[in-house]
Amino acid sequence: IELGTLGGTNSRAFGINERADITGAAQTAGGAFHAFLWRQGRLEDLGTLGGKNSYGHAINSAFDIAGVAETAQQLRHAFLHTGGKMRDLGTLGGALSQANGLNEAGDVVGFAQNAAGQSRAFLHTKGKMSDLGTLGGPGAFANAINNRQHVVGAAQLATGEHRAFLWRDGKMWNLNQFLPPNAGWFLLEATDINEPGQILCLA
């Protein structure tokens, strides 16, 4: 099924929920890309945070949508679109942020810059954005969250290399510690997690 556009020539779909409602970004007649909700054959423009472009990355069954949008200052900020309104989730003290995933409770994960300009994985829940930490290095990013608030992504080691992580109950785990000894390969990035806790990784 072709989803159409918002008056332009291109569109991209990034997320789908259990009811086959879809989010992504579609080009407007003016050439910008706007986050959209596609539901029951209709494409809805979700707007921006005051800037030109926005992109929807994930959607839950309540039609909450998480993604990234440009502000009036041309900064890219994570957003949560809920109750018909796009909310700026802010940052961890820096300039930029991006939402990559959300769960059924509306908890959002992604990455945000801190005051030092470092990109850190975040969890936004109950109106507050929290830094999930790293694996000893300066940076991290989160890709997905399940309904038990288990978060996956990638974080830097003290050596600067990235490794896949699982964050749960306030602690970040390097998933490589669960590989057999001398496996000969590494889990570089965790891209998704389901409700039983099975994790999809890049190696």
Side-chain angles (χ1 to χ4, degrees), residues 14-18 23 55-62 64-68 76-80 82 89-203:
F14 295 122
I16 187 170
N17 67 14
E18 299 302 320
T23 191
Y55 302 83
H57 290 157
I59 182 172
N60 65 17
S61 62
D64 298 330
I65 292 172
V68 61
R76 292 166 66 90
H77 278 194
F79 75 77
L80 175 64
T82 184
L89 300 186
T91 72
L92 291 168
L96 306 175
S97 61
Q98 176 175 303
N100 293 327
L102 84 162
N103 63 15
E104 291 301 308
D107 303 321
V108 180
V109 297
F111 64 87
Q113 285 183 336
N114 60 20
Q118 298 165 331
S119 180
R120 306 297 282 262
F122 75 78
L123 167 64
H124 187 281
T125 183
K126 298 179 180 178
K128 181 181 178 181
M129 180 181 286
S130 299
D131 186 338
L132 300 186
T134 73
L135 294 172
F141 57 90
N143 288 324
I145 181 173
N146 68 12
N147 292 327
R148 294 188 288 172
Q149 275 195 355
H150 298 167
V151 181
V152 296
Q156 284 181 297
L157 306 175
T159 59
E161 300 172 298
H162 280 86
R163 294 291 184 265
F165 76 76
L166 166 67
W167 183 94
R168 58 177 293 180
D169 303 323
K171 183 175 180 179
M172 182 178 287
W173 299 84
N174 184 339
L175 289 176
N176 289 277
Q177 70 185 77
F178 302 109
L179 293 178
N182 303 314
W185 50 286
F186 300 99
L187 301 176
L188 301 175
E189 178 183 345
T191 59
D192 210 351
I193 183 170
N194 63 12
E195 294 313 308
Q198 295 167 316
I199 299 171
L200 188 66
C201 292
L202 299 175

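FYI, the numbering just counts along the sequence from 1.
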Exercise. Are R163 and F186 in a cation-pi contact, defined as NZ or CZ under 6.0 Å from the six-membered ring centre and within 45° of the axis?
Worked result: yes
Is there a side-chain contact between D192 and V152, using heavy atoms and a 4.5 Å cut-off?
no
Please verify the inter-ring angle class for F14 with H57; under 30° counts as parallel, over 60° as perpendicular, anything in between as tilted. perpendicular
Aromatic plane relationship, F141 with F111 - under 30° parallel, 30 to 60° tilted, over 60° perpendicular:
perpendicular
**Prompt:** Step by step, would you call L132 with M172 a side-chain contact (heavy atoms from CB on, under 4.5 Å)?
**Reply:** CA-CA 7 Å; L132 300 186; M172 182 178 287; 4.2 Å; yes
In terms of heavy-atom contacts, A155 and A140 come closest through CB-CB, 3.6 Å
message: With heavy-atom distances below 4.5 Å as the criterion, would you say the side chains of R76 and Q98 are in contact?
response: yes
SG (C201) and CG (L188) are apart, to the nearest 0.5 Å, by 9.0 Å
On a heavy-atom basis, the closest approach of G197 and R148 is N-NH2, 3.7 Å
Output, in order, the C-alpha distance, side-chain angles, deciding distance and verdict of side-chain hydrogen bond (donor to acceptor under 3.5 Å, both in side chains) for D107 and Q149.
-> CA-CA 8 Å; D107 303 321; Q149 275 195 355; 3.2 Å; yes
E18, CD atom: more than 12 neighbouring heavy atoms under 6.0 Å:
no
Check your understanding: So, the side chain of N146 versus the backbone of N194: is there a donor-acceptor pair under 3.5 Å, distance only?
Key -> yes
dist I193:CD1 -> I199:CD1 (nearest 0.5 Å) comes out at 4.5 Å
Smallest heavy-atom separation, A58 atom then N100 atom, equals CB-O, 3.9 Å
Q.
Given 3.5 Å as the limit, does a donor-acceptor pair link the side chain of N143 with the main chain of A190, or not?
A. yes
message: Tell me if a side-chain donor or acceptor on T91 pairs with a main-chain N or O of S97 at a distance below 3.5 Å.
response: no
**Study point:** Geometric cation-pi criterion K171 and W167, 6.0 Å radius, 45° cone
**Key:** no
dist L200:CG -> E189:CD (nearest 0.5 Å) comes out at 10.0 Å
Could you tell me whether the side chain of F122 reaches within less than 4.5 Å of the side chain of V108, counting heavy atoms only?
-> yes
*asked:* Has N147 got a side-chain atom pairing as donor or acceptor with N103's backbone, closer than 3.5 angstrom?
replied: no
I'd like to know if the side chain of N60 and the backbone of A105 have a donor-acceptor N/O pair within less than 3.5 Å.
no
Please test F79 against I65 for side-chain contact (heavy atoms from CB on, under 4.5 Å), starting from the C-alpha separation and ending with a verdict. CA-CA 8 Å; F79 75 77; I65 292 172; 4.1 Å; yes
NE2 (H150) and CD (E195) are apart, to the nearest 0.5 Å, by 9.5 Å
Are the side chain of Q156 and the backbone of G139 linked by a donor-acceptor contact shorter than 3.5 Å? yes
side-chain contact (heavy atoms from CB on, under 4.5 Å) test vs N176 passes for just one of L157, L187, L135, namely L187
Practice task
List the steps and the verdict of side-chain contact (heavy atoms from CB on, under 4.5 Å) for L123 and M129.
Solution key: CA-CA 6 Å; L123 167 64; M129 180 181 286; over 6 Å; no
In this structure, CG of L202 is separated from OG1 of T191 (nearest 0.5 Å) by 5.5 Å
Value for CD1 (I59) from CG (D64), rounded to nearest 0.5 Å, stands at 8.5 Å
From CA spacing to verdict: side-chain hydrogen bond (donor to acceptor under 3.5 Å, both in side chains), N17, S61
CA-CA 6 Å; N17 67 14; S61 62; over 6 Å; no
